[in-house]
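Heads up, the thing below is written out as C-alpha coordinates.
Counting from 1, the numbers follow the sequence of the chain as shown. Any value given below was found using the heavy atoms of this structure, including those in side chains, with hydrogens, waters and symmetry copies removed.
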Amino acid sequence: IEMKTLPKTSTHLNVCGSNFFKLRKLLQDFKDPRKSFEKSVSKNETVFIKFNLLSKTKHTLTYEVKHIHTEDSLNDFIIRFCVFNDAKMVEVISFQGEKPFPFYIKNKPALQSSDEKHQQNTFFFDLLENLLTFAEEIIE
(Lines give C-alpha, C1' and ligand atoms only; values in the text may rest on other atoms or scores of the structure.)
Protein backbone atom coordinates (compact mmCIF):
# COMPACT_ATOMS: atom_id res chain seq x y z
CA ILE A 1 0.00 0.00 0.00
CA GLU A 2 1.39 3.36 -1.05
CA MET A 3 1.12 6.13 1.51
CA LYS A 4 -0.58 9.29 0.31
CA THR A 5 1.53 12.43 0.77
CA LEU A 6 -0.02 15.80 1.46
CA PRO A 7 1.01 19.04 -0.20
CA LYS A 8 3.74 21.07 1.47
CA THR A 9 1.24 23.72 2.54
CA SER A 10 -0.95 21.39 4.63
CA THR A 11 1.38 21.54 7.65
CA HIS A 12 1.57 25.32 7.38
CA LEU A 13 -2.23 25.60 7.20
CA ASN A 14 -2.63 23.31 10.23
CA VAL A 15 -0.25 25.45 12.28
CA CYS A 16 -2.02 28.67 11.23
CA GLY A 17 -5.43 27.15 12.02
CA SER A 18 -4.26 25.94 15.44
CA ASN A 19 -2.82 29.38 16.14
CA PHE A 20 -6.24 30.94 15.51
CA PHE A 21 -8.01 28.82 18.13
CA LYS A 22 -5.21 29.20 20.70
CA LEU A 23 -5.13 32.95 20.20
CA ARG A 24 -8.90 33.29 20.30
CA LYS A 25 -8.89 31.57 23.70
CA LEU A 26 -6.00 33.70 25.00
CA LEU A 27 -7.46 36.99 23.79
CA GLN A 28 -11.02 36.06 24.80
CA ASP A 29 -12.57 36.14 21.31
CA PHE A 30 -10.49 39.20 20.35
CA LYS A 31 -12.66 41.50 22.49
CA ASP A 32 -9.88 43.58 24.05
CA PRO A 33 -7.47 45.56 21.86
CA ARG A 34 -4.72 44.97 24.46
CA LYS A 35 -3.82 42.01 26.62
CA SER A 36 -0.76 41.47 28.82
CA PHE A 37 0.79 38.51 30.59
CA GLU A 38 3.48 38.66 33.24
CA LYS A 39 5.53 35.80 34.67
CA SER A 40 8.35 35.80 37.20
CA VAL A 41 11.17 33.65 35.91
CA SER A 42 13.30 34.09 39.03
CA LYS A 43 13.66 36.48 41.95
CA ASN A 44 14.92 39.36 39.77
CA GLU A 45 13.64 38.30 36.35
CA THR A 46 10.22 38.91 34.88
CA VAL A 47 8.88 38.25 31.41
CA PHE A 48 6.15 40.44 29.96
CA ILE A 49 4.13 39.46 26.91
CA LYS A 50 1.96 42.22 25.51
CA PHE A 51 -0.58 41.91 22.70
CA ASN A 52 -1.66 45.11 20.96
CA LEU A 53 -4.26 45.47 18.18
CA LEU A 54 -2.77 47.55 15.34
CA SER A 55 -5.60 47.53 12.81
CA LYS A 56 -9.02 46.03 12.23
CA THR A 57 -11.10 45.41 9.11
CA LYS A 58 -14.29 43.45 8.55
CA HIS A 59 -12.47 40.10 8.21
CA THR A 60 -8.97 40.68 9.59
CA LEU A 61 -7.18 41.90 12.69
CA THR A 62 -3.53 42.85 12.76
CA TYR A 63 -1.76 42.49 16.10
CA GLU A 64 1.69 42.92 17.49
CA VAL A 65 3.01 40.85 20.38
CA LYS A 66 6.08 41.92 22.33
CA HIS A 67 8.09 39.57 24.51
CA ILE A 68 10.08 41.62 27.02
CA HIS A 69 12.57 39.99 29.36
CA THR A 70 13.63 42.38 32.14
CA GLU A 71 17.11 40.94 32.70
CA ASP A 72 18.04 39.62 29.27
CA SER A 73 17.20 41.81 26.29
CA LEU A 74 18.61 39.16 23.93
CA ASN A 75 15.40 37.23 24.61
CA ASP A 76 13.17 40.16 23.57
CA PHE A 77 11.25 39.85 20.33
CA ILE A 78 8.36 41.37 18.40
CA ILE A 79 5.96 39.42 16.20
CA ARG A 80 3.28 40.94 14.01
CA PHE A 81 0.52 38.66 12.85
CA CYS A 82 -2.75 38.78 10.98
CA VAL A 83 -5.93 37.12 12.23
CA PHE A 84 -8.20 36.00 9.38
CA ASN A 85 -11.62 35.65 11.04
CA ASP A 86 -13.36 34.27 7.96
CA ALA A 87 -10.71 31.58 7.34
CA LYS A 88 -10.09 30.98 11.07
CA MET A 89 -6.33 31.32 10.63
CA VAL A 90 -3.52 33.36 12.13
CA GLU A 91 -0.36 33.98 10.15
CA VAL A 92 2.85 35.71 11.18
CA ILE A 93 3.55 38.66 8.89
CA SER A 94 6.70 40.00 10.54
CA PHE A 95 9.26 38.72 13.05
CA GLN A 96 11.69 41.26 14.53
CA GLY A 97 10.70 43.64 11.73
CA GLU A 98 11.78 41.18 9.05
CA LYS A 99 9.09 40.02 6.67
CA PRO A 100 9.39 36.69 4.87
CA PHE A 101 9.37 36.87 1.12
CA PRO A 102 6.06 35.87 -0.50
CA PHE A 103 5.96 32.40 -2.04
CA TYR A 104 5.65 33.81 -5.58
CA ILE A 105 9.07 35.51 -5.58
CA LYS A 106 11.38 32.99 -7.20
CA ASN A 107 14.83 34.59 -6.71
CA LYS A 108 15.00 35.17 -2.98
CA PRO A 109 18.12 36.66 -1.42
CA ALA A 110 20.36 34.19 0.40
CA LEU A 111 19.54 35.85 3.73
CA GLN A 112 16.30 33.94 4.17
CA SER A 113 15.76 30.22 4.16
CA SER A 114 13.00 28.71 2.06
CA ASP A 115 11.00 27.63 5.11
CA GLU A 116 11.32 30.84 7.16
CA LYS A 117 7.58 31.56 7.08
CA HIS A 118 6.84 28.08 8.44
CA GLN A 119 9.50 28.50 11.15
CA GLN A 120 8.00 31.82 12.26
CA ASN A 121 4.48 30.38 12.47
CA THR A 122 5.73 27.30 14.32
CA PHE A 123 7.61 29.51 16.80
CA PHE A 124 4.40 31.51 17.31
CA PHE A 125 2.52 28.21 17.82
CA ASP A 126 4.95 27.29 20.63
CA LEU A 127 4.63 30.73 22.22
CA LEU A 128 0.82 30.46 22.26
CA GLU A 129 0.98 26.93 23.66
CA ASN A 130 3.20 28.10 26.51
CA LEU A 131 0.98 31.12 27.16
CA LEU A 132 -2.12 28.94 27.32
CA THR A 133 -0.45 26.67 29.86
CA PHE A 134 0.62 29.70 31.90
CA ALA A 135 -2.82 31.36 31.65
CA GLU A 136 -4.53 28.18 32.87
CA GLU A 137 -2.23 28.17 35.92
CA ILE A 138 -3.38 31.71 36.76
CA ILE A 139 -7.09 30.93 36.30
CA GLU A 140 -7.05 27.79 38.47
Worksheet item: Do I68 and V47 touch side chain to side chain, with heavy atoms closer than 4.5 Å?
Response: no

Worksheet item: Aromatic ring centroids of F95 and F124 under 6.0 Å?
Response: no

Worksheet item: Applying the 4.5 Å side-chain criterion to the ILVMFWY set and letting contacts propagate, would V92 and L54 be lumped into a single cluster?
Response: no

Item to complete: Please check if V15 and F123 belong to a single hydrophobic cluster, counting links between Ile, Leu, Val, Met, Phe, Trp and Tyr side chain heavy atoms closer than 4.5 Å.
Response: no

Worksheet item: Do the side chains of T62 and F81 get nearer than 4.5 Å, heavy atoms only?
Response: no

Fill in: CA sep, side-chain torsions, deciding dist, call: I49, K66, side chain to side chain contact (heavy atoms under 4.5 Å, CB included)
CA-CA 6 Å; I49 299 177; K66 291 182 180 181; over 6 Å; no

Fill in: Residues which pass ring-ring contact (aromatic ring centres under 6.0 Å, His included) with F48, listed by chain and number, not counting sequence neighbours
none

Worksheet item: Residues two or more places apart in sequence or in another chain: which of them pass ring-ring contact (aromatic ring centres under 6.0 Å, His included) with F51?
Response: none

Worksheet item: Would you call E64 and K50 a salt bridge, using N to O less than 4.0 angstrom?
Response: no

Worksheet item: Is there a side-chain contact between L27 and L23 (heavy atoms, below 4.5 Å)?
Response: yes

Worksheet item: Hey, does L26 have a side-chain heavy atom less than 4.5 Å from the side chain of L128?
Response: yes

Item to complete: Identify, with sequence neighbours excluded, every residue that meets ring-ring contact (aromatic ring centres under 6.0 Å, His included) alongside F125.
Response: none

Worksheet entry | C16/V90 under side chain to side chain contact (heavy atoms under 4.5 Å, CB included): CA gap, chis, key distance, verdict | CA-CA 5 Å; C16 293; V90 171; 5.8 Å; no

Worksheet item: Could you go step by step and tell me if M89 and N19 meet the side chain to side chain contact (heavy atoms under 4.5 Å, CB included) rule?
Response: CA-CA 7 Å; M89 289 179 50; N19 286 349; over 6 Å; no

Response to the item:
So OG of S94 and CD1 of I79: to nearest 0.5 Å the spacing works out to 9.0 Å

Worksheet item: Under a 4.5 Å cut-off applied to non-hydrogen side-chain atoms, are E38 and T46 in contact?
Response: yes

Worksheet entry | Pairwise distance CG(N85) to NZ(K56) - rounded to 0.5 angstrom | 8.5 Å

Practice prompt. Show your reasoning for whether side chain to side chain contact (heavy atoms under 4.5 Å, CB included) applies to V83 and F20.
Written response: CA-CA 7 Å; V83 178; F20 176 84; 3.8 Å; yes

Worksheet entry | Heavy-atom pair with the smallest gap, counting every atom of D76 and Q96 | O-NE2, 3.6 Å

